[in-house]
Amino acid sequence: MAKEQYTITIYTENNVGLLNRIAIIFSRRKINIDSLNSSPSEIDGIYRFTIVIDETEEVVRKLARQIEKQVEVLKAYYNTNDEIVWQEMALYKVPADQITEKAKVERLLREYGARAVVIRRDYIIFETTGHREETDKLVKVLEPYGMIEFVRTARVAIIKASHGFHEKLKDFEEMQPGSKLVENEFLNKQDEVFTM
Amino acid sequence: MLNTLKLPQKDALRTKTENISGSEILLKAFIAEGVDTIFGYPGGAIMPIYDALYDYQQQLNHILVRHEQGGIHAAQGYARASGRTGVVFATSGPGATNLITGLADALIDSTPLVCITGQVFAHLLGTDAFQETDVINITTPVTKWNFQVTDARELPSAIAKAFHIAGSGRPGPVLIDITKNAQLQKIDFEGYTPCKFLRSYRPKPIVRREPIEQAAALINKAKRPFVLWGQGVILGKAEQEFRAFIEKTGIPAAWTILGLSALSTDHPLNVGMLGMHGNYGPNLLTNECDVMIAIGMRFDDRVTGRLDKYAKQATIIHLDIDPSEIDKNVKADVGIWGDCKETLPILTELVEKGSHKEWLQRFYDCTKEEEKQVIHDELHPTTSEMTMGEVINVMNELTGGDAIVVTDVGQHQMVACRYAKFNQTKSNVTSGGLGTMGFALPAAIGAKFGAPDRTVIAIIGDGGFQMTIQELGTIMQSNVDVKIIILNNRFLGMVRQWQQLFHDKRYSFVNITSPDFVMVAKGYGIAGKSISDRNDLRESLQTMLNHPGAFLLEIMVGKENNVFPMVPQGCSVSEIRLK
C-alpha cells in the first residue's frame with residue numbers, strides 16, 4: 001500500500017500536556033510530522049489540531065484510533081488531500097532597495113496573490129496564502145533579491161464533506177472497523193531478529 | 001484555568017463547607033471513593049499528605065513499602081485480586097520515577113490504579129529544584145491519563161476524574177502530581193462529587209446490534225468454531241455471561257495468560273492456554289477453526305506467533321471494549337465494539353444451542369498427545385531433580401484450586417499458568433504484557449490486602465525474587481500472610497532456554513547465584529525452608545500452607561529444564577514444538 005499525504009483533524013479539550021500526549025503517538029512509531037497546527041474550533045472550548053503526515057491509510061487509521069483513545073480527545077478524523085480544502089500562509093522579508101529597483105513589486109503581488117504587510121525603507125514583508133507549491137514558488141522568485149527571512153505556517157484544513165463536528169461525529173459512530181492489515185515485515189526474519 | 005466539574009451539587013457526598021487543606025481533601029476524596037488501602041513511601045514533597053494521613057489511620061490503611069516500585073506492584077496486585085482501583089503514594093523526583101515500571105505494566109495489562117505523587121512547590125517548577133522531575137511528561141506514555149494539580153481548588157475534580165478514568169472502560173493507571181503548595185493550601189471544601197461523565201471520554205462504545213447479529217449468523221453456521229478469551233472477561237465482570245455463551249454453543253474456548261481463571265480450569269470446554277508456551281490443541285487448531293471468536297483479548301504477538309500464518313482460514317469475530325484493538329493486529333471480519341458484559345448476553349440470545357463433539361474431541365486428542373509427550377514427564381518426572389510442574393501439581397492437590405496464584409516472569413510463570421488449577425475468577429495475578437521481573441512478591445502483598453480471606457501464593461524464580469527482595473520488609477512490618485515459593489533453578493531460566501535453543505547454548509550471563517533465601521527470610525522474621533528432595537515436597541508445601549503468617553519455601557528444581565510446548569519466534573502457532 002502506497003504512502004500518501006493525510007491530514008488528521010483532532011478535536012480535543014484545551015488542556016496542558018495534550019499536545020505532548022498526541023505527539024508521542026507519532027514519535028513512538030517513528031513517524032515524522034510534516035506540519036502541526038492547533039487552533040480553536042467551531043465549538044466553544046474545544047480545540048482542533050491539524051496534523052499532516054505521509055503514511056499508508058492503514059497506518060493512519062490505526063494512528064487515528066490511538067489518538068481518539070486518549071481521554072481528552074473527542075474525535076480524530078483523517079482525510080486525503082482531495083477530501084479537504086487547505087491553506088498555508090507564508091511571510092517573506094526582502095530588502096526594499098533590491099525589490100524596488102530590480103523587481104516590479106506590483107507584478108509580484110498580482111502574479112503570486114501576495115500582499116505587502118509591512119513596507120519600510122529597509123525591507124518589505126510580503127504575505128501569501130496557498131498550497132505548499134504556491135508559497136514555495138514565491139521563495140524561488142524572491143531568493144535572487146536577497147531574501148532575509150522566510151517562514152511558513154502549518155496547514156489548516158477543512159473537510160469538504162463535513163457538516164461541522166456534530167454531524168461528522170455521527171458518521172464516525174457508524175463506521176465499522178476497516179478492511180486491511182499490515183503485517184510485520186520482521187516476522188519473516190527470525191534468524192536476524194532476536195526478541196525476548 | 002481551573003478544571004472544575006460542573007455536576008449538580010445534590011450528588012455531593014458532603015454538604016457542610018469546611019476550610020481544609022488540599023491534603024485532607026485528597027484523603028476525604030479517597031474515603032468517598034471507597035479506598036481502604038494505600039501503598040506508599042513518604043518523602044519531602046508529599047509530607048503534607050502524610051501529615052494529614054496521620055489523622056486518618058483508622059479509615060485508610062497505609063502500607064509502608066520498601067521501594068516505590070514495590071508500592072505500585074502491590075497496588076496492581078490489590079486491583080487484580082479485588083477488582084477495585086489500587087492506590088499508590090510516592091514523593092517527587094526519584095519516588096515518582098520509581099513508579100514508571102509499574103505504570104507501564106498496569107497500562108499494558110489494563111489495571112486500574114490511581115497514583116499520587118508529591119511535587120515541588122508550584123513556583124519552583126522548571127527550576128531544577130531539589131527532587132524536581134517532570135513527572136507529567138515522563139509518565140504520559142505510560143498512563144491512561146495524568147494531571148498536575150498546582151492549586152488545591154483543582155483537587156476535588158482531579159481526584160474524581162482520576163477514579164472515573166482509571167476504573168471505567170478499559171481500565172488503566174492514572175497519575176495525579178500534586179505540588180506541595182496545593183497540598184498545604186486551605187480552601188473551602190463543599191464536599192466531594194464523584195465524576196460520572198466526561199464529554200471527551202466514552203468508556204464504552206455504544207453497542208450496535210447489527211454486528212452481533214452477523215456474528216451470531218456466522219457462529220450458527222460454523223462447523224469448527226473456536227473461542228479465545230482474555231482479561232476483558234474478568235475486567236468486564238462478565239464471567240457468568242461468558243460461561244453462558246460457551247455452554248449454550250458448546251464451543252471450545254482457550255485463554256490468554258491474563259484471561260486465566262475467568263473460567264474454571266476443569267470446565268470441559270476450557271481447552272487450555274494460547275500462545276508461545278500454551279497448550280498444543282489451542283495453538284495447532286487455531287489454523288483449523290472456521291470461525292474464531294475473540295473476546296476481550298488483543299492478539300498479542302506472544303499469542304499469535306507469525307501473523308501472516310495466523311488463522312488465515314478463519315472468519316474472525318472480535319469483541320472488545322477498546323475500538324483501537326479491533327483490527328490492530330488481526331483483521332476482524334466482524335468487529336463488535338462494546339463491554340462484553342453487554343454484548344455477550346445479546347450474542348448468547350441470538351446463537352442456537354449446539355455442541356461440537358467431534359471438533360472438541362480434536363482438542364482432547366491434542367491434550368492426550370501433549371500429556372504423553374510433555375505433561376506426564378513434567379508432572380510425574382523420573383529424574384532425580386524436581387521439575388517446576390510437579391511442584392504446581394502437588395500445590396493444586398493441596399489447595400484444591402482455591403488459592404490466588406501470583407507469578408513473576410519467566411519459566412516458572414509459564415509452568416505455573418499452564419498447570420495451576422483455578423476454581424474462581426481473579427485468582428491469577430501475573431505480569432503479562434510487560435513481563436516485569438520482580439512483580440510477584442509485591443503484587444502478592446497487594447493481592448492479600450485485596451482478598452484478605454483467600455490464600456495467596458507467590459511463585460517466583462530465583463532471578464525475579466532478587467529484583468524486589470526488599471519487600472520482605474513490608475511483609476515483616478505489616479504481617480502480610482503470603483506464601484512464597486521460590487522455584488530455584490540457579491539460572492535465569494527463560495533466557496537460558498532461548499540461548500540453548502537459538503544461540504548454540506552460549507549461556508551469556510544467565511548463571512545467577514543467590515543468597516541463602518531461607519536465611520534472608522529469617523533475617524526478616526519470616527519462616528522458611530529449602531528443599532531439594534522430592535520426598536519432602538508434599539509435606540513442605542503443607543507446612544507452608546498451614547503456617548500462620550508468611551512462609552518462604554525454596555524448592556531446588558532441575559537446572560536446565562525447558563518449558564514446552566513452544567512456538568518458536570517467527571513461526572506459526574501451528575508449528576508448535578512439543579520438544
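Chain identifiers are assigned alphabetically (A, B, ...) following the order of the sequence lines, protein sequences preceding nucleic acid strands; residue numbering begins at 1 within each chain. All values below come from the heavy atoms of this structure, side chains included, with hydrogens, waters and symmetry mates left out.
For the atom pair B/Thr140 OG1 and A/Ile22 CD1, the distance stands at 11.5 Å (nearest 0.5 Å). For the atom pair CG (A/Leu74) and CZ (B/Arg202), the distance works out to 9.5 Å, reported to the nearest 0.5 Å. To the nearest 0.5 angstrom, B/Ser200 atom OG is 8.5 Å from A/Leu18 atom CG.
Nearest heavy atoms, B/Trp145 versus A/Glu72: NE1-OE2, 2.9 Å. Between B/Asp327 and A/Lys62 the shortest heavy-atom distance is O-CE, 3.3 Å.
Qualifying side chain to side chain donor-acceptor pair (under 3.5 Å) partners for A/Thr129, counting only residues two or more places apart in sequence or in other chains: A/Glu127. Listed by chain and residue number, nothing satisfies the side chain to side chain donor-acceptor pair (under 3.5 Å) test with A/Glu55 (two or more places apart in sequence, or in another chain). Annotation: ring pair (Phe, Tyr, Trp, His ring centres under 6.0 Å) contacts of A/Phe126 (sequence neighbours excluded): none.
Of residues 135-149 of chain A, no residue lies under 4.5 Å from chain B by any heavy-atom pair.
Heavy-atom distances place the side chain of B/Asp322, and not its backbone, under 4.5 Å from chain A. Both the backbone and the side chain of A/Val71 come within contact range of chain B, each with at least one heavy atom under 4.5 Å from a heavy atom of that chain. Heavy atoms closer than 4.5 Å to chain A are found nowhere in B/Ile136, neither backbone nor side chain. Contact of B/Arg170 with chain A is made through the side chain alone, with heavy-atom distances under 4.5 Å.
For the residue pair A/Arg21/B/Thr143, the side-chain donor-acceptor check at 3.5 Å is satisfied.
Looking at heavy atoms from C-beta onward, A/Gln70 lies out of side-chain contact with B/Lys144 at the 4.5 angstrom threshold.
The backbone N or O of B/Glu325 sits nowhere less than 3.5 Å from a side-chain atom of A/Arg65 that would complete a donor-acceptor pair.
Within 6.0 Å of CD1 in A/Ile158 there are 12 or fewer heavy atoms belonging to other residues, nucleotides or ligands. For NZ of B/Lys204, the number of neighbouring non-hydrogen atoms (other residues, nucleotides, ligands) closer than 6.0 Å is 12 at most.
Ion pairing of A/Glu13 with B/Arg199 is present here, as a side-chain N (NZ or NE/NH1/NH2) and a carboxylate O approach within less than 4.0 Å.
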